[in-house]
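The chains referred to below are lettered A, B, ... by the order of the sequence lines, with proteins before strands, and numbering in each begins at 1.
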Amino acid sequence: MVVVTLSPRPGGSIAGALLVSTIAIRCAKPEISPSAEPAVAPSASASTGNASSIHVPERLLGLPTGRIDARGEPVSVACVTCHSLRRPAALPEKMTDLDEFHQGLSFRHGSLACGSCHVVGDQDSLHQADGTIIPLRDAIALCAQCHGSQYRDYQRRSHGGTNGHWDARQGPSVRNHCLDCHDAHTPKFLPSMPVLPPRDRGTVASQHPAAEAHAGHAGHAP
Amino acid sequence: MSDEKKRVTLKVLGATLGASAFAYAMAPLRHFTRDLTLDHFLQSHYRETTQAELAAIMKRLETETEHQYGAKVAIRDLKPQPGVQLGYALNLSLCIGCRKCAEACHVENNHDRDTNNSYIRVLEMESGSFDLERGDATYTHAVPAPGKYYLPVQCQQCDNAPCVTVCPVQATWKEADGIVVVDYNWCIGCRYCEAACPYHARRFNWTKPHVPAAEINPDQGYLSNRLRPQGVVEKCTFCLHRTREGRNPACLEACPTGARVFGNLLDPESDIRRVLATKRIFVLKEELGTRPRFFYFFDV
């Protein structure tokens, strides 16, 4: 506990302020908390306990094998299941260095390297920029490190799909995880085909130039 | 033949021709009365019915739907929630023009399958331009196309709605929570509202909507997504059969990028209020003074 004394000398008060601010900055926690609690706190409405929960994509919980067990649940394996069989190679520098497993992985994510996110020797964890180890399911903390504006919008439910209720008092809602839509290795989307447009009078006529030529004559809406 | 007889013959022939032409011209009207029962004809305006009368009307409509479409449906009447004013915002930086919102609207609101109708039109606009008249709603190429941005437009639930002002029979009005609704059984199909709307939000049922029984959404609201008859106007109701229970509208649930934000404008903690407070929001055709409830923004 620091006691700041009011000193008539300007040097003394500046030194006191410097001391307090140094201690304050050292004690301040980073905004993104480590894995002890969920990396992204579900936001709850002030008036109710219906929180907006975050869906965790299955592939973060384990590798899907395509098989189902006796209860009909899909079987997935932890990364360590294979990675404990033999000593793994060092993290590659380029995707083309992967010549035995994990082939077909494409990478287009700026100038990041494998080691920027993955932890050497622990495949079920990731590490943040300051070295904090987090479990694979908390990968949102990694995205938030660089993509802060998208993360801020995500917390306000104006980025990323939501299902459920707009009114937390009347029901829960579930938000997509970043990795529900974005592939962490190639996050940028390629163009896709849209749903087909309506075929009503307003749009069909505009697609047929011949109909437009007759529009004035017959009095149809263009 | 004498002149007198010729004139009589010609008059009779002319009258016969005229009468048959008249009958032929009036023939389509006979089809309008096929769905018109006495109960239908004597039904009061929604705002003048008691709860008991409305319950009987909804029961009758459920029976009619079963006869006409072969599907069992449940029509409810949800009242506006107190202390709620609904608003909608859309992030144009996230919209990729996939039209999944339009498709979700089509399915949720039991639209005519033949015209692939929807309350939402997604306009493909040139980047840097805001000329709505040049927006293209008929694109079928891969999206997002370079040099374009996408602007979904649906009913803006205007606070000063021109469609409400022009309706000659007051079949459309603004409810207490801000949604502009239509009583389909009171609408006479004059389409003045369709002409008055600056956002092309109104849809007219030129034909009886055709929806296969298996695809009908049975969770229906009297003022929103029940199966509409031929000859009435309809529009987006912010899915009031869902949103008046606190659920998301169908278009928001379908949006893959999360571009849509919905909520209560009176709740300062709501997502929509936070968007309005922190983003540079704008409305369409502001100069017309319609005061829409639908806000657009970009992320920059």
Hey, which of [options] has the most heavy atom pairs under 4.5 Å with chain A?
options	value
Ser270(B), Gly246(B), Gly258(B)	Gly246(B)
Leu94(B), Ile272(B), Val122(B)	Leu94(B)
Val275(B), Asp114(B), Val261(B)	Asp114(B)
Val84(B), Leu90(B), Asn248(B)	Asn248(B)
Thr243(B), Asn117(B), Asp299(B)	Thr243(B)
Lys279(B), Arg242(B), His111(B)	Lys279(B)

Please state whether the side chain, the backbone, both or neither of [X] comes within less than 4.5 Å of a heavy atom of chain A.
X	answer
Asn91(B)	side chain
Leu252(B)	both
Ile120(B)	neither
Pro256(B)	backbone
Arg113(B)	backbone

How about Tyr88(B) and Phe238(B): are their ring centres within less than 6.0 Å of each other? yes
Check: Tyr296(B) ring centre within less than 6.0 Å of Phe294(B) ring centre: yes
No-hydrogen, no-angle side-chain donor-acceptor test under 3.5 Å, [X] and [Y]:
X	Y	value
Arg274(B)	Ser158(A)	no
Gln220(B)	Asn225(B)	no
His106(B)	Glu215(B)	no
Tyr154(A)	Gln150(A)	no

Bottom line for Asp180(A): the part with an atom under 4.5 Å from chain B's heavy atoms is neither
Determine, for Asp177(B) against Lys79(B), whether the closest basic-nitrogen to carboxylate-oxygen distance falls under 4.0 angstrom. no
Do Gln81(B) and Gln170(A) come within less than 4.5 Å of each other through their side chains, counting heavy atoms only? yes
Quick check for you: among Leu190(A), Asn176(A), Asp153(A), which has the greatest number of heavy-atom pairs under 4.5 Å with chain B? Asp153(A)
Hey, is the main chain of Tyr139(B) close enough, under 3.5 Å, to the side chain of Glu124(B) for a donor-acceptor pair? no
